[in-house]
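Written out below as structure tokens is the structure these notes cover.
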Amino acid sequence: MNATQELLKEKLQQALVTAFGAEFAGVDPVLVAASNPRFGDYQANVALSLAKRLGQQPRAIAQAIVDKLAVSDICKPPEVAGPGFINLKLTTQYLEAQLAAMQADYRLGVAEAKTPKREIVDFSSPNIAKEMHVGHLRSTIIGDSIARILEFRGHDVLRLNHVGDWGTQFGMLITYLREVYPQALTTANALDIGDLVTFYKQAKKRFDEDEAFQEQARLEVVRLQAGAEDTIHAWKLLCEQSRAEFQVIYDLLDIKVQERGESFYNPLLAKVVEDLEQAGLLVEDQGAKCVFLEGFTNKEGEPLPLIVQKSDGGYNYATTDLAAIRYRIQNDHAKRIIYVTDAGQANHFAQVFQVAHKAGWVPDDVELVHVPFGLVLGEDGKKFKTRSGDTVRLRDLLDEAIARARADLESRLTQEGRQETEEFKANVAKVVGISAVKYADLSQNRTSNYVFSYDKMLSLKGNTAPYMLYAYVRTQGISREGNVDFEKLGTDAKILLQKDTELTLAKHLLQLDEIISEVEQDLLPNRLCEYLYQLSDKFNKFYENCPVLKSEELIRTSRLALCYLTARTLKLGLSLLGIQVLERM
């Protein structure tokens, strides 16, 4: 099934060539969804941009295009409006035919990519020996959703977790644990993650204040890099312990990601520096090896270098990221590499990408993309913290969301006089709580900060996960009340569009492929959230205005089919956000 907008665009381009000649082939017809339904469904604004080139009035140009526009199988007769807009209104017959095609397609009309690519999504990236906190929430949720959407479009997606599992912090932590808790370095699970985090903080304090300890920690890093058996064993135990804790959160959030930490690239770092040197890009500055870049200056306006090897011979994040780019292109054969990190790292990635391009490591058919996101704020508008001022642990945040969803459910059951099993209540609370957190994040434009509010995200009203889940539950309620098995309606159950609310719902359903295609390109999951919110809203209006089970036959089957198509679309759309549906709430 062709996306309607794409089909109309092709027809307009053909009309442009027929009306004005072959030199107008490929001209963008500037086709957009109409801002006001009174003017139709789509509007082409190309005539205004051609006025100077053709030396004609835009209205005359628009009329000439309309005269050659063959869209009678899709639209009512096109109209020229205002200074030269071409308004297009889809016919009911076309909409019904498109819905029939959508019904019959298990992918709901969303085609697979014509040229599937190997794509890498780098997301989550917590640090070993530290607990995942609210700062990891956005990268994990946004990265997972982007990966799901790309996978659905048929791309070969490698989900990578670039874990901080190497470097100075391990020398510091291992040195400290040798003193205060040596069994943690020889015995698996001798510490729980909370104790490990406490020891890490104490080790950092000691490192900052005690020069002798600092030197000892550096020597431990050297032993780690040299592969000293006892240090490597201790390092592996610390990594395993953190990994197990991360997995608890990934399981709770239903996240699949393959760990490939900084340590993986460690053997490749010397070659990165050597090759940059051979390419003539390295400059020695105060003992450090750097690449000076275009467009980056410090506060004094002096060129700002990217350091790839420190004066003491050590490497840093930039060196590791450069090694990762090379490995991902040469060994993973990636054609698009997507980094989902906070906006504060935008400069770092701009610099690293520029160095990789300058070094000739990025072929023309490979795209490096930084997907930045804003901060999670508390309701006071400041960075989200606990009352004591600590960073909020991600585990605590998710547990609290589930607990609040459970309390809301218990209250509703009491009001309705309903009895439900413990299993039902636990499952609903978990799904609603986790979905609320995910959706509250994904529904924001990721580049903005957003305010974290349990009350808002758990509300049954507005652009929230519970509102979306409830719309799906409503479709299932119709099935139960009418004792109707949606699947037995058959994909050929004819949908007849008679009422305005039916037409509005139908038109919205048919935009699914366009929305998913947009998100695939711009990597903004909030577009899909907005689509699903509008779908839920339009379905609820349809439900209120169009009797389903009490309608006479043909109309009853048609409306049941429309309910089922809405349910399938909601379920698919929410699954691409990492949200599972409920049959009852």
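It should be emphasised that the depicted structure is a prediction, and the values quoted were computed from it without experimental measurement.
- In this structure, Tyr467 and Ser536 have side chains that are in contact, with non-hydrogen atoms separated by less than 4.5 Å.
- In this structure Glu262 satisfies the side-chain hydrogen bond (donor to acceptor under 3.5 Å, both in side chains) test with no other residue, sequence neighbours excluded.
- When the salt bridge (charged side-chain N to carboxylate O under 4.0 Å, His left out) test is applied to Lys204, the partners found at least two apart in sequence or on another chain are Asp208.
- Between Thr475 and Phe539, the closest side-chain pair of non-hydrogen atoms falls below 4.5 Å.
- By the 4.0 Å N-to-carboxylate-O rule, Arg404 lies close enough to Asp455 to be salt-bridged with it.
- When side chains are defined from C-beta on, Ser125 does not count as touching Thr341, because their heavy atoms never get closer than 4.5 Å.
- A donor atom on one side chain and an acceptor atom on the other are not found under 3.5 Å apart for Ser443 and Asn526.
- Residues Asp195 and Tyr181 have side chains that never bring a donor and an acceptor to within less than 3.5 angstrom of each other.
- Side-chain contact of Lys507 with Gln511: a donor-acceptor pair under 3.5 Å is absent, judged by distance alone.
- Residues Ser124 and Tyr250 have side chains that bring a donor and an acceptor to within less than 3.5 angstrom of each other.
- For the 3.5 Å distance criterion, the side chains of Gln345 and Asp342 qualify, holding a donor opposite an acceptor.
- Taking the six-membered ring where the residue is Trp, the centroids of Phe353 and Tyr339 are separated by under 6.0 Å.
- Side-chain contact, Asp408 with Ser411: no donor N or O sits under 3.5 Å from an acceptor N or O.
- Counting heavy-atom neighbours within 6.0 Å of Lys456 NZ, excluding the residue itself, gives a total of 12 or less.
- You'll find the side chain of Arg153 stays beyond 4.5 Å of the side chain of Glu119, heavy atoms only.
- Ion pairing between Arg328 and Asp122 holds under the 4.0 Å rule for side-chain N and carboxylate O.
- A salt bridge links Asp365 to Lys335: one of the charged nitrogens lies within less than 4.0 Å of a carboxylate oxygen.
- Among Leu512, Val581, Leu532, the one residue that satisfies the side-chain contact (heavy atoms from CB on, under 4.5 Å) test with Leu572 is Leu512.
- Checked against Thr569 for a side-chain contact (heavy atoms from CB on, under 4.5 Å), the options Leu509, Leu510, Leu574 give a single hit: Leu509.
- A side-chain donor-acceptor contact under 3.5 Å links Glu220 and Thr231.
- For the pair Arg138 and Phe123, the cation-pi criterion (under 6.0 Å, within 45° of the ring axis) is not fulfilled.
- At a cut-off of 3.5 Å, with distance as the only test, no side-chain donor of Asn540 or Glu544 sits close to an acceptor on the other residue.
- Centroid-to-centroid, the aromatic rings of His162 and Phe264 stay 6.0 Å apart or farther.
- Each of Val134, Asp380, Thr391 was evaluated against Lys385; a single residue qualifies, Thr391, per the side-chain contact (heavy atoms from CB on, under 4.5 Å) test.
- Between Arg527 and Glu530 there is no salt bridge, since no side-chain N of the basic residue sits under 4.0 Å from a carboxylate O of the acidic one.
- Ion pairing between Asp210 and Lys205 fails under the 4.0 Å rule for side-chain N and carboxylate O.
- Side-chain atoms of Glu520 and His155 form a donor-acceptor pair, as typed in the model, at a separation below 3.5 Å.
- If you check the side chains of Tyr176 and Gln202, you find a donor sitting under 3.5 Å from an acceptor.
- His348 pairs by the side-chain hydrogen bond (donor to acceptor under 3.5 Å, both in side chains) definition with Asp321, not counting sequence neighbours.
- No side-chain donor-acceptor contact under 3.5 Å links Asn445 and Tyr450.
- A salt bridge is defined here as a Lys NZ or Arg NE, NH1 or NH2 lying under 4.0 Å from an Asp or Glu carboxylate O, and Glu420 with Arg418 meets this definition.
- Around CG of Leu293, the count of heavy atoms belonging to other residues, nucleotides or ligands within 6.0 Å exceeds 12.
- Aromatic pair Tyr315/Tyr317: centroids not less than 6.0 angstrom apart.
- Distance alone, capped at 3.5 Å, places no donor-acceptor pair between the Asp332 side chain and the Ala334 backbone.
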